[in-house]
Amino acid sequence: VTGKRKIDEELLEELEELLISGDVGVETSIHILDNIRTRVKKEKYQTSEELDSLILDEVKRLLDFDPLNLPPTKPCVILVVGVNGTGKTTSIAKLTNYYKKQGKTVLLAAADTFRAAAIEQLVTWGERLDTDVIKHHANSDPAAVVFDACSAALSRKTDVLIIDTAGRLHTKVNLMSELEKIYRIIQRQIPDAPHETILVIDAGNGQNAINQAKEFIKASKANSIFLTKLDGTAKGGVVLGIKRELGIPVRYIGVGEKADDMELFDPVEFVEGLFE
Amino acid sequence: DLTGKLESVLRNLRGYGKLTEKNIAESLKEIRKALLEADVNYKVVKDFIQSVQDRSVGENVLKSVTPGQMIVKIVNDELIKLLGTSTTQLKSAGIPPSIIMITGLQGSGKTTFCAKLASFLQSRGRKPLLAALDVYRPAAIQQLRVLGESLKVPVYDEGIGDPVKIGFNAVSDARRKLCDTVILDTAGRLHIDEQMMRELVNVKNRVRPHEILFVADGMTGQDAVNTAKEFAEKLDYDGVVLTKMDGDTRGGAALSIRAVTGKPIKFIGTGEKADAIEQFHPDRMASRILG
Ligand SMILES: Nc1nc2c(ncn2[C@@H]2O[C@H](COP(=O)(O)OP(=O)(O)OP(=O)(O)O)[C@@H](O)[C@H]2O)c(=O)[nH]1
Ligand SMILES: Nc1nc2c(ncn2[C@@H]2O[C@H](COP(=O)(O)OP(=O)(O)OP(=O)(O)O)[C@@H](O)[C@H]2O)c(=O)[nH]1
Ligand SMILES: [Mg+2]
Ligand SMILES: [Mg+2]
């Protein structure tokens, strides 16, 4: 990380620049640097390697998470939400591919009935992945699509139902209440559902992603983050702030535009990328 | 709010004396924090704070305004200066059609902006044609077709083909249809994807657009300088569009991109519909960034 052997103001400034340049944000960077200072006072270390591993470990600790214990009952319902253009529909293709490779049956719901050709986009992915898509016509009620998809998943005894929703800015009250309605419909039809609400965040987004997370947790109990476009140069450091302030972890990352361009989140790799 | 914070930091400076490096140090820290929280790039903030310090030190503290108000005014003025002028001027052809190429990263809002630009030009009596050069994204061509239909704007596409050829043939199609503007929608791509960046350069060299715009997501953080700079080096685009500004993003990317590339921000996207396009106003952007 630093090639340095002792903590001094110059090193801390360098670390701060690295963290902020990675979109970690001011408050969370200060928090991390304070933790490092405290730990360095307590622990003895000799080499720059030891100092490096202390720093990496301190940041990685913030990202550790427990697995979601998804129930064995069918269907497992996954609701996918987020602001416009983050990669929701593409990430659903990746998750479909992931679950099918595990031998699970998957059903998709095209509940973005608003954006031009959104239904066609998901249908194309469904065809490529040999997966059925429940859909209505454009501009129909998304809640009706969700209702039908839940019924279909129940009657077909599908393993995994993944619901695609329209991109929406978290500041749009009517769109967020539409999402709350979709959530309630799922709850009513299938016990304990949705089992996972995935908030899709673009690694290029800055501190606004914290506001996004706040509102999507409120409206749809988001409990997982899918961090996309990490194949670019953006580091996605804002997820540290989201974890620290709101408690939800990254579980999946997107590293490209193809159906297999997904990885399960590895905190060690992520932190190493942050300090590159 | 920043003025309030600076007021309390500077309250013992009222009514007398000069601003010095020492007595404004705390205020500069607050301003730096506000800009970083607004997603302005780390290095851009460093340079900006230096310029504010240079302009502030030596200033007399007047009786009529508080030191906090003075500094905020200096910061605001410096921001507006740096953000540049307000213009929606698009280069056009001596002999039609004018060709406008729309570029940017994945999901930034290019296809939606193409529709907005078509609507903007239509309302000014122009006759645009939309061209579908995104041959990669599933249903990208359908997306442009649906948008074109709703605006009664013709869409040229060749399905999955060579974007360079599609762009070239779209211009011939525009001439046939007596359209005076061609808007080229291109696929989203990473600035570090050499092959895809070369494709854009090939389209530029073959189709020869009069105007190239870089479309950036208004929520972009520190990475804005990397993408904007690389696209500028490869394409030397004429202007920037900042999208999704109808949310609560502070929009620091505007300052970062402008400071690092010098390119003007020409349009703001303020919604998903075809009329949600606005001219960029540096003064409004400055107060938004400062929060
Ligand atoms: N490079 C890269 N591109 C991605 C990744 N994930 C998605 N994309 C691209 O991002 C763009 C937007 O993806 P979509 O899946 O349409 O995003 P969305 O969130 O569903 O968009 P809306 O429904 O319009 O809100 C597409 O061009 C995708 O190919 C990723 O991990 N890496
Ligand atoms: N709220 C809001 N949404 C926008 C704005 N501009 C675009 N969008 C939405 O952002 C999402 C992505 O827009 P697209 O036009 O598909 O983006 P793109 O850059 O063409 O995406 P790719 O072709 O995959 O790179 C869609 O859901 C749009 O409706 C805007 O100014 N405000
Ligand atoms: Mg989508
Ligand atoms: Mg597009």
Side-chain angles (χ1 to χ4, degrees), chain A residues 16-27 29-30 83-90 93 114-128 138 166-172 201-209 211-212 215 228-229 231-238 256-257, chain B residues 32-43 45-46 105-112 115 136-150 187-193 216-227 230 243-244 246-253 271-272:
Chain A
E16 187 202 50
E17 178 165 356
L18 270 174
L19 292 172
I20 292 188
S21 302
D23 282 317
V24 174
V26 177
E27 293 295 338
S29 297
I30 292 174
V83 302
N84 308 70
T86 54
K88 297 177 290 302
T89 306
T90 309
F114 167 74
R115 205 209 68 210
I119 298 171
E120 286 82 342
Q121 185 184 4
L122 191 66
V123 165
T124 304
W125 276 117
E127 286 167 356
R128 287 184 187 181
R168 68 201 68 222
L169 291 184
H170 51 291
T171 47
K172 311 241 153 136
I201 293 183
D202 186 329
N205 273 192
Q207 298 309 300
N208 191 254
N211 295 3
Q212 296 171 24
E215 296 307 319
T228 61
K229 309 178 198 172
D231 46 321
T233 52
K235 307 283 174 152
V238 67
E257 304 192 65
Chain B
R32 174 181 179 271
K33 186 162 183 283
L35 292 174
L36 289 174
E37 287 173 343
D39 291 324
V40 181
N41 179 266
Y42 189 89
K43 294 207 172 68
V45 171
K46 220 174 186 175
L105 261 64
Q106 289 91 343
S108 62
K110 297 174 293 301
T111 304
T112 307
Y136 307 98
R137 170 173 152 154
I141 297 170
Q142 280 105 307
Q143 185 183 7
L144 200 63
R145 286 222 157 272
V146 170
L147 292 171
E149 257 156 57
S150 60
R189 69 205 62 217
L190 294 177
H191 54 301
I192 53 173
D193 185 334
D217 190 321
M219 301 179 271
T220 309
Q222 298 288 314
D223 197 48
V225 300
N226 299 329
T227 61
E230 188 62 26
T243 62
K244 308 175 201 173
D246 42 321
D248 59 0
T249 180
R250 297 263 293 274
E272 298 194 67

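Below, all heavy atoms of this structure are taken into account, side chains as well, without hydrogens, waters or symmetry copies. Sequence lines set the chain letters: A, B, ... in the order given, protein chains first and strands last, and positions in each chain run from 1.
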message: As an exercise: rank A:Thr228, A:Ile119, A:Thr171 by heavy-atom pairs under 4.5 Å with chain B and give me the winner.
response: A:Thr171
query: Within a strict 4.5 Å, meaning less than it, do heavy atoms of the A:Thr233 and B:His191 side chains meet?
result: yes
- line: Closest heavy-atom pair, A:Ala117 versus B:Ala139, reported as atoms and distance to 0.1 Å, is CB-O, 3.8 Å
field: Under 3.5 Å donor-acceptor, A:Lys229 side chain and B:Gln106 backbone
entry: yes
- request: Check each atom of A:Asn211 against the heavy atoms of chain B and say whether the ones under 4.5 Å are side chain, backbone, both or neither.
  value: side chain
A:Gln212, A:His170, A:Glu215 screened by side chain to side chain contact (heavy atoms under 4.5 Å, CB included) with B:Asp248, the one that passes: A:His170
query: Closest approach of A:Gly206 and B:Asp39, non-hydrogen atoms and distance?
result: CA-OD1, 3.4 Å
- prompt: So do A:Thr90 and B:Arg137 actually touch side chain to side chain, heavy atoms under 4.5 Å?
  reply: no
Chain B contacts, top residue of A:Gly22, A:Gly25, A:Gly204 (heavy-atom pairs, under 4.5 Å): A:Gly204
task: Mind listing the closest non-hydrogen atom pair of A:Leu169 and B:Gly247 along with its distance?
output: CD1-N, 3.4 Å
Segment of A:Val238 engaging chain B (4.5 angstrom heavy-atom cut-off): neither
message: If you count heavy-atom pairs within less than 4.5 Å of chain A, which of B:Ser150, B:Gly107, B:Ala38 leads?
response: B:Gly107
- request: Could you tell me the separation between the CG atom of A:Asn84 and the OG1 atom of B:Thr112, rounded to the nearest 0.5 Å?
  value: 8.0 Å
task: Could you grab the distance from atom CG of B:Asp217 to atom CG of A:Asn205, nearest 0.5 Å is fine?
output: 5.5 Å
query: Take atom NZ in A:Lys172; do more than 12 heavy atoms of anything else shown fall under 6.0 Å from it?
result: yes
message: Under a 3.5 Å distance rule, please check whether B:Asp223 uses its side chain to pair with a backbone N or O of A:Lys235 as donor and acceptor.
response: no
message: Working note: A:Glu16 + B:Lys46, criterion salt bridge (Lys or Arg N to Asp or Glu O under 4.0 Å); need CA distance, chi angles, decisive distance, verdict.
response: CA-CA 13 Å; A:Glu16 187 202 50; B:Lys46 220 174 186 175; over 6 Å; no
message: Please classify the contact between B:Asp193 and chain A as side chain, backbone, both or neither, with a heavy-atom cut-off of under 4.5 Å.
response: neither
message: Under a 3.5 Å distance rule, please check whether A:Asp23 uses its side chain to pair with a backbone N or O of B:Gln222 as donor and acceptor.
response: yes
field: Heavy-atom check, side chain of A:Val83 versus side chain of B:Met219, under 4.5 Å
entry: yes
statement: Which of A:Glu127, A:Glu257, A:Gln121, A:Glu120 passes side chain to side chain contact (heavy atoms under 4.5 Å, CB included) with B:Pro138? It is A:Gln121
